[in-house]
Amino acid sequence: MGHLDHATFGWLTPVLSYAMACIGAALGLRCTVRALGAAGRSRRNWLLTAASAIGTGIWTMHFVAMLGFGVSGTEIRYNVPLTILSLLVAMIVVCAGVFAVGYGRDRARALFLGGLTTGLGVASMHYLGMAAVRLHGDVTYDLALVALSVAIAVAAATAALWAALNIESPIAVTVASLVMGGAVSSMHYTAMWAVRVEVTPSADVLPGATAMQFIFPLAVGLGSYLFLTSAFVALSPTAGEREATASAQRPVENAAAH
């Protein structure tokens, strides 16, 4: 049995991965709030931005945390196509959940279906990412901990969508995003504690890319996307601000007309 280390760089990867989850959650919540106050194409665009932010945040959290994952007695590589597929799964299922909430008429039903779909999708993303791991040995799982990680993912997703429907103030969104980031991180590390590795020493070269060759550059790129999109959303006026501006302009236009 190989010794598993989930923090080979100390607290750096757990803290950084938690920060990525929080940023993605906060951005997704703000975009969903904007979407619920919009209509037509604007609502769709805000929901797409929310889904990409949450999906990117969750995926980046997972693989930043994986940068600190190590197993004694073997190197670790990642299958690139499977890793990319896990990112696409995260985006698609989060999009489905966010759109269910954004367009659902029965909010309770939409919340249930959206939370279940998104939670199962997040869990699928995680285990697809783990399926991409290549090492000298066999990987097995503690099924009880796997089931617990899936339950946490569904609960976290449902809570996130509930917050998107019910929370509007910036302070409340910040608190909600911190809680959501903690829930996503808890899901990840619960799932990682379920991992068991039976190492088979070998001199063969493992297929795939190392974390630093592939995961690190991609995580940095997606993290940059989150920061830039956060700046855009922060600078973009809300529906209330646009209405206030329009109301202030009407007396001036009427006076000019007379």
Side-chain angles (χ1 to χ4, degrees), residues 1-24 51-95 120-141 146 149 153 181 184-185 187-229:
M1 183 73 71
H3 172 70
L4 277 61
D5 190 346
H6 299 287
T8 57
F9 297 105
W11 284 101
L12 177 63
T13 49
V15 170
L16 186 57
S17 63
Y18 171 68
M20 291 295 100
C22 291
I23 292 170
S52 68
I54 296 172
T56 298
I58 291 170
W59 188 93
T60 305
M61 177 272 146
H62 169 77
F63 280 101
V64 168
M66 289 301 291
L67 290 174
F69 177 64
V71 181
S72 61
T74 177
E75 293 182 323
I76 295 176
R77 298 285 188 275
Y78 292 88
N79 178 285
V80 173
L82 271 179
T83 304
I84 295 295
L85 178 60
S86 71
L87 173 59
L88 295 178
V89 166
M91 295 287 194
I92 292 169
V93 297
V94 170
C95 189
L120 292 176
V122 169
S124 299
M125 177 279 299
H126 175 90
Y127 288 105
L128 265 176
M130 287 304 298
V133 172
R134 299 290 179 263
L135 47 74
H136 293 303
D138 297 316
V139 178
T140 57
Y141 294 92
V146 168
S149 72
V184 172
S185 296
M187 177 268 163
H188 171 84
Y189 285 106
T190 300
M192 293 307 296
W193 286 329
V195 175
R196 305 289 184 269
V197 178
E198 191 68 38
V199 174
T200 305
S202 173
D204 294 342
V205 177
L206 289 165
T210 67
M212 288 300 175
Q213 288 172 337
F214 173 63
I215 302 298
F216 180 72
L218 188 56
V220 169
L222 293 175
S224 299
Y225 162 76
L226 286 177
F227 281 109
L228 292 174
T229 308

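Keep in mind that this is a model prediction, so the values were computed, not measured.
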For this session: Let me see the working for Leu135 and Glu75 under side-chain contact (heavy atoms from CB on, under 4.5 Å), right down to the final yes or no.
Result: CA-CA 6 Å; Leu135 47 74; Glu75 293 182 323; over 6 Å; no
Exercise. What's the shortest heavy-atom distance between Ala131 and Leu82, and which atoms?
Worked result: O-CD1, 3.7 Å
For this session: Could you tell me which non-hydrogen atom of Cys22 sits nearest to which non-hydrogen atom of Gly181, and how far apart they are?
Result: SG-CA, 3.8 Å
For this session: Locate the shortest heavy-atom distance separating Val195 from Met130; write the atom from each residue and the value.
Result: CG2-CE, 3.9 Å
Exercise. Rounded to the nearest 0.5 Å, what separation is found between the OG atom of Ser185 and the CD1 atom of Ile58?
Worked result: 10.5 Å
Problem set entry | Approximate separation, where rounding is to 0.5 Å, of Thr13 OG1 and Met61 CE | 9.0 Å
Exercise. Between Arg196 and Glu198, does at least one N-O distance fall below 4.0 Å, as a salt bridge requires?
Worked result: no
Problem set entry | Considering all heavy atoms, the nearest Thr56-Ser52 contact | OG1-O, 2.6 Å
For this session: Grab the two heavy atoms, one from Gly129 and one from Phe63, that are nearest each other, plus how far apart they are.
Result: CA-CZ, 3.8 Å
Exercise. Stepwise, does the side-chain contact (heavy atoms from CB on, under 4.5 Å) test hold for Leu4 with Phe69?
Worked result: CA-CA 7 Å; Leu4 277 61; Phe69 177 64; 4.0 Å; yes
Problem set entry | Full working for side-chain contact (heavy atoms from CB on, under 4.5 Å) between Ile76 and Tyr78 | CA-CA 7 Å; Ile76 295 176; Tyr78 292 88; 3.9 Å; yes
Exercise. Side chains of His62 and Ser17: does their closest heavy-atom pair fall under 4.5 Å?
Worked result: no
Exercise. Atom CG of Leu88 and atom OG1 of Thr83: how far apart are they, to the nearest 0.5 Å?
Worked result: 11.0 Å
Exercise. Looking only at heavy atoms, what is the nearest atom pair of Ser124 and Val89, with distance?
Worked result: CB-CG1, 4.3 Å
Problem set entry | Intermediate values then yes/no, side-chain contact (heavy atoms from CB on, under 4.5 Å), Ser149 and Tyr127 | CA-CA 10 Å; Ser149 72; Tyr127 288 105; 2.8 Å; yes
Exercise. Can you find a heavy atom in the side chain of Val93 that is under 4.5 Å from one in the side chain of Met125?
Worked result: no
Exercise. With a 4.5 Å heavy-atom cut-off, do Pro14 and Tyr189 have their side chains touching?
Worked result: yes
Problem set entry | Distance, nearest 0.5 Å, that separates NE2 of His126 from CE of Met192 | 5.5 Å
Exercise. Within a strict 4.5 Å, meaning less than it, do heavy atoms of the Met91 and Trp59 side chains meet?
Worked result: no
For this session: Without swapping roles, check the side chain of Thr200 against the backbone of Gly137 for a donor-acceptor pair under 3.5 Å.
Result: no
Seminar exercise, completed: One should read off an interatomic distance between Ile23 CD1 and Met20 CE, to the nearest 0.5 angstrom, of 4.0 Å
For this session: Please round to the nearest 0.5 Å and tell me the distance separating atom CG of Leu67 and atom OG1 of Thr210.
Result: 10.0 Å
